[in-house]
Amino acid sequence: MKIASWNVNSIRARLASLTRWLDAQRPDVLLLQETKVTDDDFPRDDLLRRGYSVVIAGQKSSNGVAILSQHPIRDVTVGFPEDGPGAEKRLIAASIAGLRIMSAYIPNGRDVAHPVFQQKLAWLSRLRGFLLEQRASVRLPIVIGGDFNVAREARDLWAPELFEGQVHFHPEERNRINALLNAGFMDSFRQFCDAPARYSWWDYRGPSVAKNRGLRIDYLFVDDSLAPRCTLAGIDAEPRLWEKPSDHVPVWVELDSA
DNA sequence: ATGGCACCCGGAGGGTGA
């Protein structure tokens, strides 16, 4: 079972790339972030035609998450239980093939001095609590993928000395990610690859792609209990070289059948 | 060096991303 996650930076702008990648890779499940579209305008038909069921949590202009699946989708929840009606659409969870699968788009944080940076930290803390609550209540192994907007380690950034203490590589962000993993999850990519400079995002501007100046900020975290089933994981950097790319690329994990 | 680029909305150019 192949599960992938991709911040597409607008599903409408990325529909050609998305369908090209889906047709080539045929993942069982694809988690999307930054769909940037209302539910009414989500291009469902292009995905249904390819055999994917779709559940979405969208909003106008920004944010927006979705889950695409070739298997039946059940028990969908959007956001955190305590969210008000105006909450940004950054989290969707569903039960698929005996797993609790989630797509998450963690707030960027903008700048460490900006109030939204504290909201990012709070959001990551809430996410940890939500994962524990879901594990207890749904009782299925959890796979959460998404754009976490945090590089975990120095080997996950092109210039750690430049980013240290800044947004995306601040100790408080790393602490929140580590606390989340310590709750019983593993960074699937790092089970199979120790190499530095394997990134999931490159800036649109300047020579970022040519010089491999990127960040690894997109992850698939899987329940520790899934370790024996986890056979391979990777980052597919190729779509970053296609026409009209997202600035993020898909990350993926393969799980053996239970 | 606050630029670079791409997306959004709205119908110009500012807000946001990372």
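Computed from a predicted model, the values in this text were never measured in an experiment. Just so we're on the same page: letters track the sequence lines, and every chain starts at 1.
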Starting from [atom2] on [N], measure out to [atom1] on [X] and report it in whole angstrom.
X	N	atom1	atom2	value
His168(A)	dT16(B)	NE2	C1'	12 Å
Trp201(A)	dA18(B)	CH2	C1'	4 Å
Gln33(A)	dT16(B)	CD	C1'	17 Å
Phe117(A)	dT16(B)	CZ	C1'	18 Å
Phe148(A)	dG17(B)	CZ	P	18 Å
Gln119(A)	dT16(B)	CD	P	12 Å
Lys120(A)	dA18(B)	NZ	C1'	9 Å

Pick base, sugar-phosphate or nothing for [X], based on heavy-atom distances below 4.0 Å to the nucleic acid.
X	value
His248(A)	sugar-phosphate
Tyr105(A)	sugar-phosphate
Asp111(A)	nothing

[atom1] spacing across the pair [N] / [M], given as an integer number of angstrom:
N	M	atom1	result
dG14(B)	dT2(B)	C1'	15 Å
dC9(B)	dG3(B)	C1'	24 Å
dG10(B)	dG15(B)	P	15 Å
dA18(B)	dC8(B)	P	14 Å
dG17(B)	dA12(B)	P	25 Å

| task | Just jot down the side chain to side chain donor-acceptor pair (under 3.5 Å) partners of Ser17(A), sequence neighbours excluded, or say none. | result | none
| Glycosidic class, syn or anti, of dG4(B) using a 90° window around 0 | syn
| said: Would you say Asn63(A) places a side-chain N or O within less than 4.0 Å of OP1 or OP2 belonging to dG17(B)? | reply: no
| query | Are Arg50(A) and Asp45(A) within salt-bridge range, i.e. N to O under 4.0 Å? | reply | no
| note | Students should find that the hydrophobic cluster of Phe192(A), defined by side-chain heavy atoms under 4.5 Å apart, otherwise consists of Leu232(A), Trp252(A)
| query | Tell me, which pairs form a ring pair (Phe, Tyr, Trp, His ring centres under 6.0 Å) where one or both residues lie in residues 118-143 of chain A, sequence neighbours left out? | reply | Phe80(A)-Trp123(A), Phe80(A)-Phe130(A)
| note | side chain to side chain contact (heavy atoms under 4.5 Å, CB included) filter on Arg110(A), not counting sequence neighbours, yields Asn108(A), His114(A), Val116(A)
| query | Can we call the ring centroids of Trp158(A) and Trp202(A) under 6.0 Å apart? | reply | no
| message | Run the ring-ring contact (aromatic ring centres under 6.0 Å, His included) test against His170(A) and tell me which residues pass, sequence neighbours left out. | response | Phe117(A)
| message | For a quick check, tell me whether the side chain of Asn108(A) and the base of dA18(B) share a donor-acceptor pair closer than 3.5 Å. | response | yes
Dump every N/O contact between nucleotides 3-12 of chain B and the protein below 3.5 Å, one line per pair.
unit_1 : atom_1 : unit_2    : atom_2 : d
dG4(B) : O6     : Arg205(A) : NH1    : 3.4
dG4(B) : N1     : Arg205(A) : NH1    : 2.8
dC7(B) : OP1    : Arg14(A)  : NH1    : 3.0
dC7(B) : OP1    : Arg14(A)  : NH2    : 3.4
dC7(B) : OP1    : Lys244(A) : NZ     : 3.4
dC7(B) : O3'    : Ser10(A)  : OG     : 3.4
dC8(B) : OP1    : Ser10(A)  : OG     : 2.8

| field | Glu243(A) CD: over 12 foreign heavy atoms closer than 6.0 Å | value | no
